[in-house]
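Protein chains get the first letters and strands the later ones, always in sequence-line order, with residue 1 at the start of each. Computed over heavy atoms, backbone and side chain alike; hydrogens, waters and symmetry mates excluded. For clarity, every value in this text was computed on a predicted model and none was experimentally measured.
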Amino acid sequence: MPSSALPRGAHAVLVTSGHLRHLDPHNQAPPLLLANSLISAFSRAALPRLALPLLRRLLAGAHPLRPDGFTFPPLFRAAPGPSSAAQLHACALRLGLLHPSVFASGSLVHAYLRFGRVAEAYRVFDEMPQRDVPAWNAMLSGLCRNARAGDAVALFGRMVVEGLAGDAVTLSSVMPMCALLGDRALALVMHVYAVKHGLGGELFVCNALIDVYGKLGMLEQARWVFDAMALRDLVTWNSIISAYEQGGKVAAAVELFHGMKECGVNPDVLTLVSLASAVAQCGDGRGAKSVHCYVMRRGWDAGDIIAGNAMVDMYAKLSEIEAAQRVLENVPARDVVSWNTLITGYMQNGLFNEAIKTYNHMQKHESLKPVQGMFVSVLPAYSNLDLYAKCGKLAEAMLLFELMSRRSTGTWNAIIAGLGVHGHGAKALDLFSQMQQEGIEPDHVTFVSLLAACSHAGLVDRGRDCFHSMQTVYGIVPIAKHYACMVDMFGRAGQLDEALEFIQGMPIKPDSAVWGALLGACRIHGNVEMGKLASQNLYELDPENVGYYVLMSNMYAKMGKWDGVDTVRSLVRRQNLQKTPGWSSMEVKGSVSVFYSGTQAEPHPQHEEIQRELQDLLAKMKSLGYVPDYSFVLQDVEQDEKEQILSNHSERLAIAFGIINTPPRTPLHVYKNLRVCGDCHNATKYISKITDREIIVRDSNRFHHFKDGHCSCGDFW
DNA sequence: TTAGGGTTAG
């Protein structure tokens with residue numbers, strides 16, 4: 001019976017029981033060759049348990065054989081872990097079989113890198129007397145797999161310097177690094193390299209190019225590569241569809257999906273993952289259903305965790321939370337990502353209680369530890385965004401905080417700051433005591449939050465205590481920021497003389513934040529004389545900042561001191577000061593739009609609509625009694641132009657954009673880089689009433705929560 | 001019936 005007719009298992013039994021030589025008396029093949037073939041076959045079948053004993057049998061069996069250069073590469077490939085790779089490495093070295101064989105060394109490099117042993121791989125690679133292209137490729141691809149993008153690109157450079165031309169494998173290994181590094185120029189260079197080396201038509205190279213261009217947002221280039229391809233496979237289609245989907249061109253992504261089917265290419269899980277994200281992005285509920293059906297028909301939702309999670313994410317993004325939940329319940333091997341997706345979905349839809357319930361459920365029933373940082377990352381985000389958005393939801397944020405198992409100083413700082421900006425000074429102080437009880441060491445950031453909390457809540461004495469104990473108990477030397485908080489605290493409470501005295505007693509030079517706090521307080525309380533003192537210091541410390549001139553001018557105007565207004569204006573004119581460009585951003589359906597004050601060289605795509613909305617609002621505001629406050633305009637222009645300038649402030653553009661692009665009564669969240677001007681502050685009160693929306697503006701100073709014609713900040717302008 | 005390297009992901 002010829003040995004080739006034996007089933008594989010029989011080979012294994014024969015070989016491992018020492019009957020190799022007797023396997024087949026008619027077979028002329030030398031026993032070593034036969035053994036090598038078997039080792040190779042087993043390792044290709046990923047059966048290290050069968051492959052590795054063969055080596056032992058060869059070396060120490062009844063009839064020992066000396067392995068040759070062909071024996072080790074498949075063994076390296078089959079190594080189940082780094083320690084067995086190291087043992088094989090030592091064995092090959094002992095037998096003198098490693099470095100003479102480029103093949104063996106190259107595959108050992110690959111083996112080490114599979115287990116993240118970069119240093120060992122480098123050592124073997126550097127010791128190789130000569131290296132061929134596959135050896136370079138093993139090193140390059142391994143570095144890429146270990147996310148060592150910089151090293152990989154550097155090594156590729158070394159290869160180029162040594163005059164060795166890479167091949168298609170080289171390029172498709174290194175190309176993804178451009179995306180990881182976010183390096184568009186490098187992507188173009190690699191593309192040129194590919195064309196120069198005649199690899200521009202290689203399937204894998206093109207696929208990698210499309211993927212990289214897509215990830216870097218270079219859709220035109222991705223499309224160009226795609227269109228030029230003579231042969232496309234599943235990966236090609238997946239890459240181009242994903243590129244369009246990630247780039248927000250969802251209609252094109254869906255169209256390509258149909259094109260793919262017309263070409264007779266069968267979609268796989270990854271195709272549907274992109275498609276799910278595309279239909280979710282364009283709010284296509286019906287599309288979502290058909291994507292889900294497609295996935296179910298193939299059983300992917302039950303069998304493939306990525307597909308299942310993608311379905312959860314899709315429904316969550318469409319605010320179909322119940323559907324998301326149902327899908328999740330049917331994902332058999334739910335992991336932390338699955339839960340995180342659902343919880344994030346709840347959060348995005350404002351269902352904080354559901355999020356917390358789900359979180360509890362996950363911990364109780366799935367014995368899954370939340371990824372370290374899952375909530376640590378969510379919480380600060382919420383203290384800055386959602387948390388502030390819904391003052392009433394502060395309780396839920398606190399609950400989330402309670403749920404967190406490991407709380408660091410940073411987490412505590414976040415929740416204390418969150419409480420502080422909403423005026424819950426006393427609660428912030430309570431939490432601080434709790435923090436002390438738990439033995440968490442506060443840092444200087446904690447005290448900035450605490451002092452700001454005291455300031456916002458008008459707790460002057462408590463603030464003074466904090467400032468004191470910070471130094472005596474914790475040995476933290478106050479920095480200018482702490483002093484500025486103190487000045488702000490005295491100032492808001494109307495204790496302007498205290499504030500000034502405090503500044504004069506400072507052991508360090510007061511900076512612009514300190515004087516700025518005083519100026520702000522002077523404006524609130526209408527103290528022009530002290531305001532002058534503060535602004536003079538500010539003009540010296542921060543002469544470029546027009547904001548202080550605006551405040552001063554506004555103050556003079558409020559008091560009817562028009563000559564003061566003129567003086568400030570001429571100061572601004574004489575120095576030819578340019579206002580820091582103000583911008584505001586707003587997030588609608590997960591994408592952020594940024595608006596700049598005034599007319600733009602490149603107007604927003606919805607410019608006309610936004611202007612119409614603003615005009616419409618202005619008319620309604622005026623009918624309710626709104627009077628524009630031109631003291632916030634320093635430009636010397638006609639009155640109607642001033643009105644135009646005011647209503648084109650970036651925060652108003654953002655608000656108008658939000659009104660146009662969200663359903664009625666959806667709360668609007670605006671972030672502004674500068675302080676909201678007094679006129680916009682007033683206007684936003686009216687807008688909140690007219691549109692019956694909550695409008696939350698986070699400016700460089702604080703949160704403003706507008707609702708039903710009022711603002712939570714309580715400042716009067 | 002003898003050998004090493006490659007592209008897409010929630």
Side-chain angles (χ1 to χ4, degrees), chain A residues 2-6 11 23-24 27-30 32-41 43-44 67-77 101-111 113-114 128 131-142 144-145 166-176 179 199 202-212 214-215 233-243 245-246 267-274 276-277 280 295 300-301 304-314 316 327-328 331 334-338 340-342 344:
Chain A
S3 68
S4 58
L6 287 171
H11 280 283
L23 192 63
D24 177 6
N27 193 316
Q28 300 300 306
L32 183 60
L33 191 151
L34 199 52
N36 285 347
S37 318
L38 281 170
I39 290 175
S40 161
S43 68
R44 252 199 304 278
D68 64 6
F70 291 119
T71 314
F72 276 91
L75 285 169
F76 290 143
R77 173 184 169 138
S101 160
V102 184
F103 305 132
S105 310
S107 44
L108 180 58
V109 166
H110 185 252
L113 287 166
R114 241 180 42 231
M128 288 172 73
R131 302 172 197 92
D132 59 2
V133 174
W136 282 90
N137 290 347
M139 196 66 217
L140 286 168
S141 66
C144 298
R145 250 200 311 280
D167 63 6
V169 178
T170 318
L171 271 170
S172 38
S173 316
V174 181
M175 206 90 76
L199 305 166
E202 288 282 338
L203 182 65
F204 273 47
V205 172
C206 292
N207 289 351
L209 272 170
I210 292 172
D211 182 57
V212 164
K215 287 200 173 110
D233 70 354
L234 178 61
V235 178
T236 318
W237 286 99
N238 283 353
S239 301
I240 192 78
I241 289 171
S242 164
E245 178 267 310
Q246 297 281 320
D268 70 350
V269 171
L270 296 188
T271 325
L272 270 292
V273 166
S274 292
S277 180
V295 168
W300 290 338
D301 59 329
D304 192 297
I305 191 156
I306 291 169
N309 291 348
M311 295 301 102
V312 174
D313 186 51
M314 175 180 77
V327 174
L328 182 86
V331 176
R334 295 178 276 246
D335 62 3
V336 177
V337 179
S338 324
N340 200 9
T341 308
L342 187 64
T344 310

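Distance A/I39 CD1 to B/dG4 P: 13 Å, rounded to the nearest Å. When rounded to the nearest whole Å, the span between CE of A/M175 and C1' of B/dT8 equals 14 Å. Rounding to whole angstrom units, CD1 of residue A/I241 and P of B/dA9 are separated by 13 Å. The CG-C1' distance, from A/L272 to B/dT8, rounds to 14 Å in whole Å. What separates CG of A/L234 from P of B/dT8 is a distance of 13 Å, to the nearest Å. As a whole-Å value, the separation of A/W237 CH2 from B/dT7 P is 22 Å.
At a threshold of 4.0 angstrom between heavy atoms, the contacts of A/L203 with the nucleic acid are absent. Within 4.0 Å of A/V133, counting heavy atoms only, lies at least one base atom of the nucleic acid. As judged by a 4.0 angstrom heavy-atom cut-off over every strand, A/D268 is placed among residues making no nucleic acid contact. Among the heavy atoms of the strands, none lies under 4.0 Å from A/A276. Using a 4.0 Å heavy-atom cutoff across all strands shown, A/D68 reaches no nucleic acid atom at all. Nucleic acid contact class of A/R131 (heavy atoms, under 4.0 Å, all strands): none. Contact annotation for A/V235: base contact, defined as any heavy-atom pair under 4.0 Å involving a base atom. Among the atoms of the strands shown, none is found under 4.0 Å from any heavy atom of A/V212. When heavy atoms are screened at a 4.0 angstrom cut-off, A/S40 is found touching the sugar-phosphate backbone but no base atom.
Counting only distance, with no hydrogens or angles, the side chain of A/S40 and the backbone of A/N36 share no donor-acceptor pair below 3.5 Å.
Which of B/dT8, B/dT2, B/dG6 sits closest to the side chain of A/N238 comes down to B/dT8. The side chain of A/P73 approaches B/dG4 more closely than any other nucleotide in the set B/dG6, B/dA9, B/dG4. Taking the side chain of A/P176 as heavy atoms from C-beta on, and the options B/dT7, B/dG4, B/dA9, the nearest nucleotide is B/dT7. Ranking B/dT1, B/dT7, B/dA9 by closeness to the A/F204 side chain, first place goes to B/dT7. Taking only side-chain atoms of A/L33, from C-beta outward, the nucleotide of B/dA9, B/dT2, B/dG6 with the closest atom is B/dT2. Checked against B/dT1, B/dG6, B/dT8, the side chain of A/D211 finds its nearest nucleotide in B/dT8. When distances are taken from the side chain of A/P134 to each of B/dG4, B/dT8, B/dG6, the shortest belongs to B/dG4.
With hydrogens and angles ignored, no donor-acceptor pair under 3.5 angstrom links the side chain of A/N207 to the base of B/dG6. No hydrogens or angles were tested; on distance alone, a donor-acceptor pair under 3.5 Å links the side chain of A/S172 to the base of B/dG6.
Contact annotation: A/R145 reaches the phosphate of B/dG6 (side-chain N/O to OP1 or OP2, under 4.0 Å). Distances shorter than 4.0 Å separate none of the side-chain N or O atoms of A/K215 from OP1 or OP2 on B/dT7.
The closest side-chain heavy-atom distance from A/P67 to A/F72 is below 4.5 Å. In this structure the side chain of A/T271 reaches within 4.5 angstrom of the side chain of A/L234, judged on heavy atoms. Side chains of A/V337 and A/T341 form a contact here, defined as non-hydrogen atoms less than 4.5 Å apart.
Both thresholds, 5.5 Å between centres and 30° between ring planes, are not jointly met by A/F70 relative to the base of B/dT2, so the two rings are not stacked.
Heavy atoms only, all atoms of each residue included: A/V327 and A/M311 are closest at CG1-CB, 3.6 Å.
Taking the salt bridge (charged side-chain N to carboxylate O under 4.0 Å, His left out) definition, one finds that A/D301 meets it with nothing, sequence neighbours left out. With sequence neighbours excluded, the residues that form a side-chain hydrogen bond (donor to acceptor under 3.5 Å, both in side chains) with A/S338 are A/N309, A/D335.
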